[in-house]
*Asks:* 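Just passing along the structure, written as structure tokens.
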Protein chains: 2
Amino acid sequence: MIRVVLAEDQKMVLSAFASLLELEEDIDVVATATNGEEALAAVRKHRPDVLLTDIEMPGLSGLDVARKLADEGPAVRVVIFTTFARPGYLRQALDARVAGYILKDAPITDLVAALRRVHRGERVVAPELAVAAWEGTDPLTARERDVLRLVGEGLPNSEISQRLHLSEGTVRNYLSSVILKLDARNRTEAFAIARDKGYL
Amino acid sequence: MIRVVLAEDQKMVLSAFASLLELEEDIDVVATATNGEEALAAVRKHRPDVLLTDIEMPGLSGLDVARKLADEGPAVRVVIFTTFARPGYLRQALDARVAGYILKDAPITDLVAALRRVHRGERVVAPELAVAAWEGTDPLTARERDVLRLVGEGLPNSEISQRLHLSEGTVRNYLSSVILKLDARNRTEAFAIARDKGYL
DNA sequence: GTTCGACCATGACATCTGTCATCTCGAACG
DNA sequence: CGTTCGAGATGACAGATGTCATGGTCGAAC
């Protein structure tokens, strides 16, 4: 019997997957959660074999939860299932020592198969991403990401400099470097590229 | 018996919902689709009572499909089910004369209940959106939206003007107007605001 | 028949953005 | 011990962006 905790912020999707997994005789959904904090609490309480979690959730993301569980030891295996085929996300997931990364776009049979393989001790990565993970390595430094995130909120350099306690010139320098690295024409395009690749 | 065509681009989610709906005795999922074109074809072939569709799908969006079906008469009732609580989306949906607009964040019981009510001839709108629809009316003109969409792709004014066959000054004027209307500080923030409200 | 709004344009102007050269500092590496 | 790298900074400059005034056409509405 594979004991699973399931985390997914959209309630309809959560219960749909829960019902579906319960139909499998060798899978038991012992708890569900609609955000990262709940997921973490449920894992600590129920000690399941596998945490199956979405990435984008309010508060703690699935990647945040995976990182925290990795710090606590390898007892619970984490499988990420997400909409996003972003190399940056996969990279973060692998850094957090997840056992699986599968896409919601794949057929459901893949989901159940992945759970069984992970339970046997294997690691499972969506094939369309295995290659992309290495070619799309994040070239940005931590500070460059900080600046770029605020750019995405539409802040002008003056306000970004205040928020990060930097001089405005430094902000311009970082952004200039980001634009160069991402081969963008301006801040807006740089942000769009970084977002699509999952660097943020 | 309520005959339903179900459209949703993420295959796992699609089959999860399909299985779940099939468990209801009065609901029959006669066909599924993973994009707008397939959905349209399935509706024309099977003539279901209800088309239950996501919004964001590759190619034709759920809103596009709703608009096309509205042109063909009221035979098929459309229910939008989506992640996005954006007033602009609801507005477009109502303009396309949809019969329902529900959120994936609501409990599943709402989904089945909505299908039954729509089948009885009622209209169903997610309560958290019914109010927001009127306060968040899109203030932008068609041309302003065109410009703003290209801004979102990171294009500079010069290239936007070429794409839309406008002078660069005119692009600046439209954008200035957009920034004023949306109370933004620059193009990037204007785009972020419009995206979040579903104006694009 | 006028008024209004969407659409398109020009020119002037101020400010913001992006690039580049150059500098300091501290940590990491061989 | 020198080199490299990230973080942080300055100043100068060119080009992109945003604002404003102004003016034109056209179609719908009153």
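Everything quoted here is computed from the prediction, not taken from an experiment. Note on naming: letters A, B, ... go to the chains in the order of the sequence lines (proteins, then strands), and numbering restarts at 1 for each one.
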*Asks:* OP1, OP2 of dC16(C) versus side-chain N and O of Arg172(A): anything below 4.0 Å?
*Replies:* no
*Asks:* Roughly, in whole Å, what's the span from NE2 in His165(B) to P in dA9(C)?
*Replies:*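 Taking atom P of dA9(C) as the reference, NE2 of His165(B) is at 11 Å.
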*Asks:* Across the strands shown, which category fits Leu180(B) at heavy-atom distances under 4.0 angstrom: base, sugar-phosphate, nothing?
*Replies:*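 It contacts nothing in the nucleic acid.
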*Asks:* Do the side-chain N or O atoms of Ser167(B) get closer than 4.0 angstrom to the phosphate oxygens (OP1, OP2) of dC8(C)?
*Replies:* no
*Asks:* Categorize Asn173(A) for me: base, sugar-phosphate, or nothing, with a 4.0 angstrom heavy-atom threshold over every strand shown.
*Replies:*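 Base contact.
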*Asks:* Nearest whole Å is fine: how far is dT19(D) C1' from Arg185(B) CZ?
*Replies:*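 Value for this atom pair: 17 Å.
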*Asks:* Round to the nearest Å and state the distance from Glu168(B) atom CD to dA12(C) atom P.
*Replies:* 15 Å
*Asks:* Figure out the NZ/C1' separation between Lys181(A) and dG18(C), and round it to whole Å.
*Replies:*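 From Lys181(A) NZ to dG18(C) C1': 16 Å.
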*Asks:* Counting only side-chain N and O atoms of Thr141(A), is one of them less than 4.0 Å from OP1 or OP2 of dC5(D)?
*Replies:* no
*Asks:* Does Thr83(A) offer a backbone N or O that forms a donor-acceptor pair with the side chain of Lys104(A) under 3.5 Å?
*Replies:*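 Between the backbone of Thr83(A) and the side chain of Lys104(A) there is no qualifying donor-acceptor contact (under 3.5 Å).
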*Asks:* Contact class for Thr170(A) (heavy atom, under 4.0 Å): base, sugar-phosphate, or nothing?
*Replies:*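 Base contact.
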*Asks:* Tell me if a side-chain donor or acceptor on Glu122(B) pairs with a main-chain N or O of Val118(B) at a distance below 3.5 Å.
*Replies:*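 Absent.
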*Asks:* So, for Phe81(A) and Phe17(A), is the gap between ring centers shorter than 6.0 Å?
*Replies:*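 When the ring centroids of Phe81(A) and Phe17(A) are compared, they turn out to be within the sub-6.0 Å range.
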*Asks:* Give Arg143(A) one of three labels, base, sugar-phosphate or nothing, depending on what nucleic acid heavy atoms sit under 4.0 Å from its own.
*Replies:* sugar-phosphate
*Asks:* Would you mind checking if Glu159(A) and Arg163(A) are paired as a salt bridge, meaning a charged N to carboxylate O distance below 4.0 Å?
*Replies:*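 A salt bridge links Arg163(A) with Glu159(A).
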*Asks:* Step by step, work out the side chain to side chain donor-acceptor pair (under 3.5 Å) result for Thr170(A) and Asn173(A).
*Replies:* CA-CA 5 Å; Thr170(A) 302; Asn173(A) 289 152; 5.1 Å; no
*Asks:* Are Tyr174(B) and dC7(C) close enough that a side-chain N or O sits under 4.0 Å from OP1 or OP2?
*Replies:*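 For dC7(C), OP1/OP2 do not have a side-chain N/O of Tyr174(B) under 4.0 Å.
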*Asks:* At a cut-off of 3.5 Å, list every protein nitrogen or oxygen paired with a nitrogen or oxygen from nucleotides 27-30 of chain D, distance to 0.1 Å.
*Replies:*
none

*Asks:* Can you check the Leu140(A) CG to dC5(D) C1' distance for me, whole Å?
*Replies:* 16 Å
*Asks:* To the nearest 0.5 Å, how far apart are NZ in Lys68(B) and CG in Leu60(B)?
*Replies:*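 Taking NZ in Lys68(B) and CG in Leu60(B), the distance rounds to 6.0 Å.
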*Asks:* Inspect the contact between Asp95(B) and Arg67(B) and indicate whether a charged nitrogen and a carboxylate oxygen are less than 4.0 angstrom apart.
*Replies:*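 Between Asp95(B) and Arg67(B) there is no salt bridge, as every charged N stays at least 4.0 Å from the carboxylate O atoms.
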*Asks:* Would you kindly give the CZ-to-P distance between Arg187(B) and dT15(C), to the nearest whole Å?
*Replies:* 19 Å
*Asks:* Look up atom CD in Glu25(B) and atom CD1 in Ile2(B), then write down how far apart they are to the nearest 0.5 Å.
*Replies:* 11.0 Å
*Asks:* Is there a donor-acceptor pair closer than 3.5 Å between any side-chain N or O of Asp49(B) and the backbone N or O of Arg3(B)?
*Replies:*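 Here the side-chain-to-backbone pair exists.
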*Asks:* Verify side chain to side chain donor-acceptor pair (under 3.5 Å) between Glu144(B) and Tyr199(B), making sure each step is shown before the conclusion.
*Replies:* CA-CA 11 Å; Glu144(B) 287 167 347; Tyr199(B) 294 159; over 6 Å; no
*Asks:* At a heavy-atom distance below 4.0 Å, what parts of residues 151-158 of chain A sit against DNA chain C?
*Replies:*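 Within residues 151-158 of chain A, the residues near DNA chain C are Pro156(A), Asn157(A).
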*Asks:* Nearest to the side chain of Ile179(B), heavy atoms from C-beta on, is which of dA7(D), dG18(C), dT19(D)?
*Replies:* dT19(D)
*Asks:* Please produce a list of atom pairs where a protein N or O lies less than 3.5 Å from an N or O of nucleotides 23-25 of chain C.
*Replies:*
none

*Asks:* Got a salt bridge between Asp26(A) and Arg116(A), using NZ or NE/NH1/NH2 to carboxylate O under 4.0 Å?
*Replies:*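 Counted as a salt bridge, because a side-chain N and a carboxylate O are separated by less than 4.0 Å.
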